[in-house]
Amino acid sequence: MFDPRLTPALALVLAAGGTALADTPRLDAQRMFPSGEIAFQKICARCHTGREDAVGPDLTANDYDADTIRHFARHGSGPMPTFTESMVDAASLDEIAAHLAATRKEAQE
């Protein structure tokens with residue numbers, strides 16, 4: 001039935017019809033943060049919430065669009081470092097922008 005030279009793990013995968021590998025999410029599809037709000041708090045809030053010691057603009061008060069946020073996150077500017085894809089995945093960056101847009105909208109209401 002199975003070639004005895006196969007490793008036990010590979011034999012198990014083959015016996016399961018290969019579903020063990022098919023059900024495992026790709027590493028590049030996994031999220032670094034569960035939400036944009038949490039990502040913002042862990043990555044951006046220290047410099048971008050209007051605190052007295054903040055070095056960047058208050059992103060919770062300014063109306064920056066998602067493209068602007070993505071641009072500065074990926075390219076940096078002045079004291080702002082560049083955040084690569086390995087530091088902040090694209091989905092989390094999009095959710096940070098969405099979270100900021102929702103936060104500003106709530107503040108205006």
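Atoms CD and CG, from Glu37 and Leu100 in turn, are 10.0 Å apart once rounded to the nearest 0.5 Å. Distance check: Asn62 CG to Ile69 CD1 gives 9.5 Å after rounding to the nearest 0.5 Å.
Between Thr82 and Gly76, the shortest heavy-atom distance links the atoms OG1-N, 3.8 Å.
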Output side-chain donor-acceptor pairs under 3.5 Å for residues 40-49, partner residues at least two apart or in another chain, one line each.
from, atom 1, to, atom 2, distance (Å)
His48, ND1, Pro57, O, 2.8
Thr49, OG1, Ala45, O, 2.9

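Residue pairs meeting the salt bridge (charged side-chain N to carboxylate O under 4.0 Å, His left out) criterion with at least one partner in residues 68-83, sequence neighbours excluded, are Asp67-Arg70, Arg70-Asp94, Arg74-Glu85. Pairs passing the ring-ring contact (aromatic ring centres under 6.0 Å, His included) check and including a residue from residues 49-70, sequence neighbours excluded, do not occur.
Linking Ile, Leu, Val, Met, Phe, Trp and Tyr whenever their side-chain heavy atoms come within less than 4.5 Å puts Phe83 and Leu93 in one cluster.
With sequence neighbours excluded, the residues satisfying side-chain hydrogen bond (donor to acceptor under 3.5 Å, both in side chains) with Ser86 are Thr84.
A donor-acceptor pair under 3.5 Å is formed between the side chain of Ser35 and the backbone N or O of Ile38.
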